[in-house]
Amino acid sequence: MEFIENVFIYGNSKKSQLINNGFEYVDYIGRSETIEKFDMINIGGYPAIVPNKHGYKVSGDLYTVGSSQLKDLDQLKGEGVFFDRILGEIYILKNNPRKNGILVNAWVYVLKDMPETYDESNIFLTTKNLLTYERI
C-alpha cells in the first residue's frame, strides 16, 4: 500500500515544469503559501529557501503524492545532499474551491547548507510579494 503525502513546491519546480519532467501527481491541490518565513536565494539557475524569521512567506503549489513519487522528488531535489525535506505548515489560498483557505502540514524542501559564495548584494532574493521576487 502506498501512502499519500502533501508536498509544497515552489520556484522552478512548480506544476508546468514537473509535469513536463514526467511527474504524475496524485492530486494538484492548488496555490498555497508557507506560514513560516524564508529568504529565497538563487543557487545557480533555480531558487532555494532558507528559514528566516524576518523573511517572507513563499508562494507555491500544493500536491498530494504517493510515497514512490516522494522518493522521486527527493532524488530530483538532492534531498539529504543539497536540500532537507522538512514538515511545514502550508496555507491553501482562498482561490481553491475544494479546500478554501485551510491550513495543512506538507513537506517543504529547504536548502541544506548556505553556499560559500553567499553575497547579499547578488544572491539573496526574497518573496516581497506573492508573485514577484525583489533583491534586497
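Contact of the Leu62 side chain with the Asn6 side chain is registered, since non-hydrogen atoms from C-beta on lie closer than 4.5 Å. The shortest distance between side-chain heavy atoms of Glu5 and Trp107 falls below 4.5 Å. Asn52 places none of its side-chain heavy atoms less than 4.5 Å from the side chain of Lys37. Between Val110 and Phe38 there is a side-chain heavy-atom pair separated by less than 4.5 Å. Considering only heavy atoms from C-beta on, Leu70 comes within 4.5 Å of Arg85 through its side chain. Two residues are said to be in side-chain contact when any heavy atoms from C-beta on lie closer than 4.5 Å; Leu93 and Glu33 meet this criterion. Contact check for Ile49 versus Val108: side-chain heavy atoms found under the 4.5 Å cut-off. Side-chain contact between Ile29 and Thr64: present, with at least one pair of heavy atoms (C-beta onward) separated by less than 4.5 Å.
Residue Phe8 holds its CZ atom at 11.0 Å from CD1 of Ile86, rounded to the nearest 0.5 Å. To the nearest 0.5 Å, atoms CG (Asp84) and CG (Asp74) are separated by 10.5 Å. Interatomic distance, NZ of Lys77 versus CG of Leu111, reported as 11.0 Å (0.5 Å rounding).
Checking side-chain atoms of Arg31 against main-chain N and O of Ser59 turns up no donor-acceptor pair under 3.5 Å. Judged purely by atom type and a 3.5 angstrom limit, Tyr10 uses its side chain to pair as donor or acceptor with the backbone of Tyr109. A distance-only check finds a donor-acceptor pair linking the side chain of Thr34 to the backbone of Val58 [under 3.5 Å].
The heavy-atom pair separating Ile35 from Lys57 by the smallest distance is O-CE, 4.0 Å. Ala106 and Ile90 make their closest contact through CB-CG1, 3.7 Å (heavy atoms, listed as atom of the first residue, atom of the second, distance). Lys112 and Gly80 get closest at one heavy-atom pair: CE-O, 3.3 Å.
Side-chain contact, Tyr56 with Asp39: no donor N or O sits under 3.5 Å from an acceptor N or O.
In this view, Glu79 satisfies the side chain to side chain donor-acceptor pair (under 3.5 Å) rule with no residue, not counting sequence neighbours.
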